[in-house]
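Below is one structure, written out as structure tokens, with a few remarks after it.
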Amino acid sequence: MTRQREEIILRRAVARLRAAVMAVTFGATGGAALFLATAWLLLRGGENVGQHLGLLRNYLPGYSVTWGGAVLGLAYGVVLGGIAGASLAWTYNRIADLRGAATTRG
Amino acid sequence: MVEGVGSEEAQRADGAARQRGGEPAVVIGGGPAGLTAAYELARRGLPAVVYEKDDIVGGISRTVERDGYRFDIGGHRFFTKITEVEALWHELLGDDLIERPRLSRIFYRGKFFDYPLRPVDALLKLGPVEAVRIVLSYLYVRLTPRGEERSFEQWVVNRFGRRLFEVFFESYTEKVWGIPCSEISSDWAAQRIKNLDLMAAIRNALLGSGGGRGGKEKGEIVTTLIDRFQYPRLGPGMMWERCAERCAELGAPTHLRREVVRLRHDGGRVNEVDVRRHDGVDGGEGDGGGEVETIACSSVVSTMPVPGLLRALDPPPPDEVLAAAAKLRFRDFLTVVVVVDREHLFPDNWIYIHAPEVRVGRIQNFKNWSPEMVPDASRTSLGLEYFVQEGDELWSAGDDELGALAARELAWLGLAEEDDVVGHYVVRMPKAYPVYDRDYEQALAVARRHLEGIGNLHPIGRNGQHRYNNQDHSMLTGMLAARNILREAESASGSSATGGAAGPAHDLWAATEDDSYLEAPERGSRSLADRAVPRRLEEDDLAAGDERLEQAIAAAFARYDPVALGGAVGVIAGALVFLLTAVLLLRGDEPLGPNLSLLGHYLIGFQVSWPGALIGALEAALLGFGFGWLLARTINLLVDLAAESVVRECELEGLLDPFDLSRLED
């Protein structure tokens with residue numbers, strides 16, 4: 001392979017996002033974040049523990065700032081984070097494909 | 001009596017060669033290219049005879065011996081990517097090809113810098129002020145690149161900054177070529193890094209020496225290149241002495257002190273050559289009055305310099321061809337070997353001397369190449385190399401004068417005491433390096449066109465093609481020339497007398513211009529003779545693995561599409577705000593989203609209402625787009641910097657060592 005060709009390959013290469021990888025990454029991060037945020041408040045203790053974080057129950061049925069809620073929050077975080085990650089990757093790849101196809105036609 | 005390698009054996013072989021049928025192929029020059037061609041012909045049963053003007057074989061890869069001290073004309077690491085060449089080295093030398101550790105450094109401003117250059121080492125040794133100057137000057141040229149790159153100086157400054165050029169390029173390059181860097185064509189720099197393998201460079205940077213095809217195998221190669229090399233026990237000349245002996249045994253004698261002075265051609269073929277004997281005391285060029293013998297030949301393999309070859313043609317080429325050939329220039333070389341009465345001086349195999357205060361360009365420590373290069377382990381022999389022009393002041397200086405100069409410069413450099421120098425030897429090597437000046441390419445094209453009109457004349461090797469070949473590349477041209485001759489012999493006899501080993505015709509000039517030709521075992525190519533040899537499964541697997549790895553590297557260095565990432569983040573952010581708001585609206589709790597409505601501080605016009613959801617979604621999408629776009633741009637910038645630093649590092653290495661004769665490649 002000539003250097004020129006190598007340069008073309010490197011310059012033209014457009015990164016793709018792997019939906020599965022993004023789903024796992026966002027899911028793991030989201031789940032861990034929600035679990036740790038809940039656990040941190042529980043460990044600190046005090047009055048009205050997690051009055052603001054508890055508002056998440058509006059979106060996540062059954063969630064509360066308790067140890068049980070932390071575990072449920074972990075599950076919610078994994079599922080919703082995973083969906084967000086996969087959606088992000090899917091959307092990015094579709095747009096990149098469309099733009100690539102447009103460039104090729106052009 | 002014919003004097004040659006193996007003497008009486010050579011004479012017998014000469015007769016045998018003629019008896020085997022037909023006129024012999026005449027090989028002009030007993031260097032790596034010529035002897036490889038002769039060996040290839042001889043072992044296929046074709047008659048060949050080698051004429052070497054000098055009194056020793058090996059060309060610039062010779063090993064000179066004086067009083068038991070052996071020394072190279074320059075250093076010759078044995079490293080190749082051409083499997084046939086590697087196999088031939090081992091076939092000829094077997095266990096005499098030893099593996100040696102490598103250390104080479106650059107001497108500048110009284111300090112030794114690691115070579116290949118390591119940025120941290122270089123910047124630490126240059127000191128903080130110089131380091132800052134280099135970094136600033138590099139940043140300056142990166143931010144304000146110049147368009148014009150006609151000279152070597154402009155080329156390097158554009159890539160590395162003026163200060164780095166002044167520190168590591170200017171003085172050494174001018175020593176080597178004898179002309180200011182501003183007068184050297186930028187083509188030369190581009191040529192040096194033309195074959196830089198980006199993928200390999202990035203692969204090594206990413207994965208270390210163990211990465212890549214064959215894992216361990218590749219790792220071993222890289223390690224060999226950097227830390228260790230192969231070397232004949234008694235110097236590179238050992239390889240060519242052994243090769244000449246093997247050729248003689250096979251009926252292809254080598255005649256020393258025989259200069260081919262005329263090639264008589266007719267109808268596009270050389271039919272005879274005139275060979276002058278130089279049996280005088282010096283046996284060199286000055287000994288020009290020897291007897292001339294005319295030898296009939298079937299073909300000619302020439303390693304003599306292109307201008308000399310053209311001048312030797314009879315009938316002569318047109319004047320314009322001779323005029324073009326006269327423009328091809330060479331750089332000459334002399335080495336002053338000093339014997340120092342010290343067991344150990346420094347651990348390097350060689351040191352580059354960038355210091356402009358001395359004229360020496362490079363110093364070899366032959367004992368560190370092989371312990372058997374010196375007869376007395378309590379002493380050290382150093383080769384001080386001077387790049388000169390034939391006839392200039394240094395070239396014409398007496399041996400004692402050069403010995404004294406070498407001793408003084410060694411002392412100035414702090415490498416040895418002047419009083420410890422107990423002896424010296426001088427070897428002058430004319431036409432050691434073809435010069436790539438601004439005229440050479442056009443001139444060479446004219447010469448080449450003319451030579452291509454003579455079908456059985458095969459110019460090969462460094463001077464034969466005026467190409468800055470390494471030893472292995474010169475050998476490759478020898479192998480290919482031999483196969484072309486074999487092919488011709490097969491088609492002339494209408495049989496496959498040589499076992500069908502010749503394969504298709506090879507373009508000898510392309511072989512050194514196109515790197516993929518040189519690296520025969522590379523993916524997708526065939527062996528040298530293009531024989532349809534079945535490949536082993538694991539080789540296919542390795543090649544496929546390598547391709548996958550290169551794809552992975554390309555993916556790793558791929559750029560994010562800023563619009564796509566911006567769009568994706570924008571869509572997700574907009575949808576999220578809309579959904580969060582919609583959930584609250586659908587639940588209808590009172591008060592309605594007092595906390596979510598705080599987003600209104602950031603999203604102007606946002607409320608927990610259906611119109612607010614749309615406004616919030618739109619604004620979140622826009623902000624998300626901006627964030628994603630910026631993220632992609634930032635990542636791309638960092639990827640570019642990482643890729644560029646790898647490339648610059650490789651280019652730097654390729655440029656710093658213009659006369660390292662067996663380096664990759666580069």
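Within every chain, numbering begins at 1; the chains are lettered A, B, ... in the order of the sequence lines, protein sequences first and strands thereafter.
Contact count against chain A (heavy-atom pairs under 4.5 Å) is highest for B:Leu580 among B:Leu584, B:Leu596, B:Leu580, B:Asn595.
For B:Ile635, no part lies under 4.5 angstrom from a heavy atom of chain A.
A distance of 9.0 Å separates CD1 in A:Ile95 from CG in B:Leu565, rounded to the nearest 0.5 Å.
Annotation: salt bridge (charged side-chain N to carboxylate O under 4.0 Å, His left out) contacts of B:Arg587 (sequence neighbours excluded): B:Asp589.
Residue B:Tyr560 places its OH atom among 12 or fewer non-hydrogen atoms of other residues, nucleotides or ligands, all under 6.0 Å distant.
Taking the side chain as every heavy atom from C-beta outward, B:Leu579 and A:Tyr59 never approach each other to under 4.5 Å.
Scanning residues 43-57 of chain A against chain B with a 4.5 Å heavy-atom cutoff picks out A:His52, A:Leu55, A:Arg57, ordered by number. Inspection of non-hydrogen atoms places no residue of residues 67-83 of chain A under 4.5 Å from chain B. Within residues 569-577 of chain B, the residues approaching chain A closer than 4.5 Å by heavy atoms are, in numerical order, B:Val569, B:Val571, B:Ile572.
Looking only at distances, a side-chain donor or acceptor of A:Tyr92 sits under 3.5 Å from a matching main-chain atom of B:Asp561.
Smallest separation of non-hydrogen atoms from A:Ala15 and B:Ala558: N-CB, 3.4 Å.
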